[in-house]
Amino acid sequence: MAKHACQLNFLSRSDGSALYSIGNTVALASVNGPGEVKKSNRHYNRSHLEVCYSPSTGQSMIGERTLESVILHTVEQVILVHLHPRTATNVTIQEMQSDGLALSTSVNATCLALLDAGVQMKSPFAAVTCCLTPSGTIIIEPTEAELKESEALATFVFDGQALNVLSAHQEGCLDSENFYACLRKCQTAAKDVLNFYRRIMEEKYSSDKSYN
Amino acid sequence: RAAKMGTNIGGVEVLRVVLPGDEVLQLNADKADISIGPGLRWQENVICATRSGLLKKTSKNLYYVDTHQKRYIPNAKEFVIGIVIKKTGNNYIIDIGASDKATISELVFENSSKKARKELKPGDLIFGQILVANKNIEPELVCIDVFNNLVGIGSLPDGGIMFTLPLHIARLIVNPKNSLLLMIAQKIKFMLLVGFNGRVWVKAQKQKEMVTIMNCLMMLEVMTLEEAKENIYRLHTSNSKNF
């Protein structure tokens with residue numbers, strides 16, 4: 001598995017932020033909320049969630065909208081939105097460097113930023129990406145080069161308690177046997193990500209400021 | 001000063017670091033007199049954490065999660081510093097740094113009556129207590145309680161500076177016997193008002209002294225209390241030289 005690293009409270013003006021990397025893919029997530037909301041987005045009984053993803057180069061287009069919708073779908077299921085009616089919670093993700101793992105890095109950076117901001121949640125969530133090579137091997141957290149050679153890739157996001165699947169994103173052709181094999185491997189790898197979160201939080205609360 | 005697991009500081013015991021969803025307690029019949037505070041949720045006989053932070057327990061069996069956060073969520077009976085936005089009817093609309101604006105009636109100030117109402121301009125600062133606040137209504141502030149005793153001090157005098165700190169730092173310096181504040185007081189005479197919404201107002205005789213105090217308190221964001229105490233003399237002498 002590739003190396004995970006994180007620095008919390010990276011942005012001084014955000015309620016919570018996290019600079020997070022898996023291998024050579026780096027994302028910066030910033031969370032603000034629960035705060036003021038436009039009248040058009042006000043819900044009488046819940047907080048309005050928004051996700052905005054900016055790529056490192058070029059304009060934000062349909063591919064970025066896909067990433068935003070996966071992250072929004074995940075975050076909807078864990079944030080306790082009914083505790084803050086008539087407010088909005090914004091998540092902004094800036095892609096700093098991409099080595100193929102943009103989705104899982106962004107999802108994990110979002111989780112760490114939410115933990116840093118103290119937004120009330122049911123549990124943390126962890127994303128793991130894997131790819132299937134033509135020879136039938138499953139590689140967890142592949143690099144861009146390995147992804148180019150692969151037949152299919154799948155990203156799963158798991159919740160922190162029972163490791164249930166919160167969202168899944170898949171590209172390429174996976175038959176059901178390979179799909180379940182990928183799912184099981186990713187589920188095992190997710191435990192490492194959740195342990196990483198716990199370690200980061202323990203360091204934060206022991207008054208230590210930068211993490212690796 | 002860093003809270004080590006299992007330590008007991010002033011009757012509050014630090015248990016461990018929790019993440020959202022961690023089970024804190026199972027409720028059985030013999031644990032009937034437990035109270036749960038911020039950051040905890042009771043679901044189907046299990047108490048879970050909803051935020052990441054330090055799980056703490058007071059001597060009166062109150063469990064809560066102490067989170068380092070910046071966003072203020074209003075709670076009743078807390079003292080806050082607010083900025084006057086505008087006046088509507090008989091109320092002022094105040095910004096307290098939360099998702100909703102707070103209201104305060106012009107009659108709930110000291111020496112204010114229907115004949116002699118309190119006049120506030122937009123941009124004035126007030127220090128008051130939150131009367132009511134929950135997720136469904138706008139918070140309401142008062143500067144006087146039901147017995148007509150002064151609560152908070154109404155509008156703040158001119159000449160001070162206001163800045164914002166993370167909430168957990170503000171909670172540290174609310175205690176007037178805090179060792180960092182006592183150290184600063186040996187060098188500079190100052191007046192300090194701390195709001196639970198993270199806003200802090202300082203007034204001293206000279207501008208440079210107020211800036212020094214502001215920088216000392218902002219250092220607590222990035223270092224521990226001991227490290228901050230070591231650095232304040234350096235900050236004070238460097239500020240005195242520049243002006």
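Chain naming here is simple, since letters A, B, ... match the order of the sequence lines and numbering starts at 1 in each.
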* Structure fact -> In terms of heavy-atom pairs under 4.5 Å with chain B, the winner among A/Ala117, A/Ala88, A/Pro124, A/Pro34 is A/Pro34

* With under 30° as parallel and over 60° as perpendicular, where do the rings of B/His68 and B/His168 fit, or are they tilted in between? -> parallel

* At a heavy-atom separation under 4.5 Å, does A/Asp116 approach chain B through its side chain, its backbone, both, or neither? -> backbone

* Asked: Out of B/Thr164, B/Asn134, B/Thr67, B/Val65, which one racks up the most heavy-atom pairs below 4.5 Å with chain A?
  -> B/Thr67

* Structure fact -> Turns out that what part of B/Leu167 lies under 4.5 Å from chain A's heavy atoms comes down to neither

* Between A/Asn9 and B/Lys70, do the side chains contain an N or O donor and an N or O acceptor separated by less than 3.5 Å? -> yes

* **chain B contact via A/Leu80 - side chain, backbone, both or neither, heavy atoms under 4.5 Å** => side chain

* Asked: Got A/Leu132 and A/Leu153 here, is their nearest side-chain heavy-atom distance under 4.5 Å?
  -> no

* To do: Please report the C-alpha distance between A/Ser47 and A/Thr87 in whole Å, then the side-chain angles of each, then the deciding distance to 0.1 Å, and finally whether the side chain to side chain donor-acceptor pair (under 3.5 Å) criterion is met.
  => CA-CA 5 Å; A/Ser47 179; A/Thr87 63; 3.1 Å; yes

* Structure fact -> Under 4.5 Å to a heavy atom of chain B? For A/Val78 that would be neither

* Looking just at side-chain N and O atoms, do B/Tyr72 and B/Glu78 make a donor-acceptor pair shorter than 3.5 Å? -> yes

* Below 4.5 Å from any heavy atom of chain B, which atoms of A/Glu36 appear? Answer side chain, backbone, both or neither. => both

* Can any side-chain N or O of A/Asn90 pair as donor or acceptor with the backbone N or O of A/Glu50 at less than 3.5 Å? -> no

